Amino acid sequence: MKWILRVAMVGIAAFVLWQVWQRVFVTDETRVKKQIAVMVNAVEKGKLLQLADVVAADYSDDFGMDKSMLLGGVSSFRAQYDAIFIHLSDLTVTVNPDHQKAQAVFIAKVLAKAKGSLSESEVRAERFRLYFRKNDAGWKLIRAESPELKFD
């Protein structure tokens, strides 16, 4: 009976330490970068529900898509390829002073292997700027902008 109590106490202590670590040491920039990594993983593996959790309901972009069109576009894109790899470079995250909005700027290179093909080819490479908003559930993607943006 004592070992159950000890295991429970260790579990509770670990949980409390994890919560303190997350609140004190993990920055908003790190949280936004984690959301971007979740989105990349969701697109690469075709996990639309995971992608839907990261995208805000009022999402919009330069291509005229809303959230449902974005998810449909990812599904359609995934249906054309067996394997997809997304490489991000020059990732810069900027959080507004009020810690409620953030933007990420990066270059994305998409490599894919077409259905039935043996070789992998570059499908797309371009710059992106993503805008995020913080709510109770964490950071959500609210807008995406692309080609040839004017960077300061």
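From a predicted model like this one, the values you see are computed outputs, not experimental measurements.
Using a 4.5 Å heavy-atom threshold, the side chains of Thr30 and Thr27 count as touching. A 4.5 Å side-chain heavy-atom check between Arg78 and Ile84 finds at least one atom pair inside the cut-off. Taking the side chain as every heavy atom from C-beta outward, Val74 and Leu48 approach each other to under 4.5 Å. With a 4.5 Å cut-off on side-chain heavy atoms, Phe128 and Ile107 do not count as touching.
When each of Arg31, Arg133, Lys34 is paired with Trp139, the side chain to side chain contact (heavy atoms under 4.5 Å, CB included) condition holds for Arg31 and for no other.
Ring pair Phe77/Tyr81 is tilted by interplanar angle, where 30° to 60° counts as tilted.
Counting heavy atoms of neighbouring residues, nucleotides and ligands inside a 6.0 Å radius, atom CG of Leu49 does not exceed 12 of them.
Salt bridge Arg143/Glu145: present, at least one basic N to carboxylate O contact under 4.0 Å. With salt bridges taken as basic N to acidic carboxylate O contacts below 4.0 Å, one links Lys134 and Asp28. Salt-bridge check for Lys67 with Asp58: failed, with every basic side-chain N at 4.0 Å or more from each acidic carboxylate O.
Ile142 contributes atom CD1, which lies 10.5 Å from atom OH of Tyr59 (distance to the nearest 0.5 angstrom).
Note on Val7 and Ile4: same hydrophobic cluster, where clusters join Ile, Leu, Val, Met, Phe, Trp and Tyr whose side-chain heavy atoms are under 4.5 Å apart, directly or indirectly.
A donor-acceptor pair is defined here as one N or O able to donate and one able to accept, closer than 3.5 Å; such a pair exists between the side chain of Asp61 and the backbone of Met65.
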